[in-house]
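Working notes for the structure below.
Basis for what follows: all heavy atoms, side chains included, without hydrogens, waters or symmetry-related copies. It should be emphasised that the depicted structure is a prediction, and the values quoted were computed from it without experimental measurement. Both counts, for ligands and for their atoms, begin at 1 and track the order of listing.
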Amino acid sequence: MRMMKLLAGVALASLLGMGAAGAQTLLRSSDTHPDGYPTVEGVKYFGELVKERTAGRYEVEVYHSAQLGEEKDTIEQVRSGVIQLNRVSMAPFNGTVKETIVPALPYVFRDEEHMHKVMDGPVGDQIKAAFEPAGLVALAFYDAGSRSFYNSKKPIRTVADLAGLKFRVIQSDIFVDMTSALGANATPMPYGEVYSSIETGVIDGAENNFPSYDTARHVEVAKYYSLDQHTILPEVFVMNKAAFDALTPEDQAIFRQAAKDSVGRQRELWTAMTESSRKKVEEAGAEINEVEKQGFIDAMKPVYDKHVKDDVLRKLVEDVRATQ
Ligand code: GTR
């Protein structure tokens, strides 16, 4: 109800062309994370740059903390133009923008530096371009570190330890298949339902990076965090394509450059928060352990066989591997 009211207000404000003080056009962006989270701050910085470089003709407002809804819903909102901008994970796009499958594959990147080289280069450009048929312009990729499993029952050290455990996974078939390939059960569900689902025992745990594990307070209900680091999947910052196409070529260049400039800021904040969140969760009682990683890597072959299923994807995976 609260969300419906908010959305009605948003739609009305767009119709009236209302903006914040002095700005002619107000652009709305969604984020599931709380204020201060590196992705929220990255988009806010983008907004500051856009405002400055367009002499206040455009202003960006970030609706953080899932005020506009869960990621799947806000993706529909930005595709249909109810909101103009959105910062989300790439996992929920795996079914609609097939190129996003590649960075979501388990252990496809050797480390975060490798991921940066790939996503800042031609492979990243090809993945960005693939968003256009879905009605979106991908403006930037932001860091999200690596995702690992955490649960309320026990430390996971080998693949065998996962047997029978139930995990919430992000909403993507790849994550479901990855978890099944490891012998555990996967339930895709919205991020906002994870805490209570672990608390009530509907699931045993979930998978995420340290800043999400920390800010969503999942550490309170699942204290065993096992560093299997199955994916190093970046986030994506998108804009509704019709809204982007309506900009003058000069403004389009300003938007693209501002997004590019926000990446450095987001990455710095990300590195700092990964460290501070890790400390915070340890203080809150998290037990963090290493895993026997090769076993996890070896178990992933069926995920590649099933999802890397055409020449475009096969070539992209080869290009990722060949990136030094
Ligand atoms: C976080 C990501 C969010 C959201 C969340 C999830 O790491 O930043 O955008 O996708 O994971 O698991 O739903």
Open item on the list: Whether E41 and R265 form a salt bridge (side-chain N of Lys/Arg under 4.0 Å from carboxylate O of Asp/Glu) is what I want to check.
Closed with: no
Task: By ring pair (Phe, Tyr, Trp, His ring centres under 6.0 Å) - contacts of Y45 (at least two apart) - done: none
Open item on the list: Looking at Y63, I'd like to know if the NZ or CZ of R28 sits under 6.0 Å from its six-membered ring centre while staying within 45 degrees of the ring's axis.
Closed with: no
Open item on the list: Salt bridge check, D173 against K309: does any charged N sit closer than 4.0 Å to a carboxylate O?
Closed with: no
Open item on the list: If you count every heavy atom of other residues, nucleotides or ligands that lies below 6.0 Å from K98 atom NZ, does the total exceed 12?
Closed with: yes
Task: Under 4.0 Å from ligand 1, counting heavy atoms only: the protein residues, by chain and number - done: T32, H33, E71, R87, S89, R147, R168, I170, Y191, N208, N209, S212, E235
Task: Pair E318 + R314, salt bridge at N-O below 4.0 Å - done: no
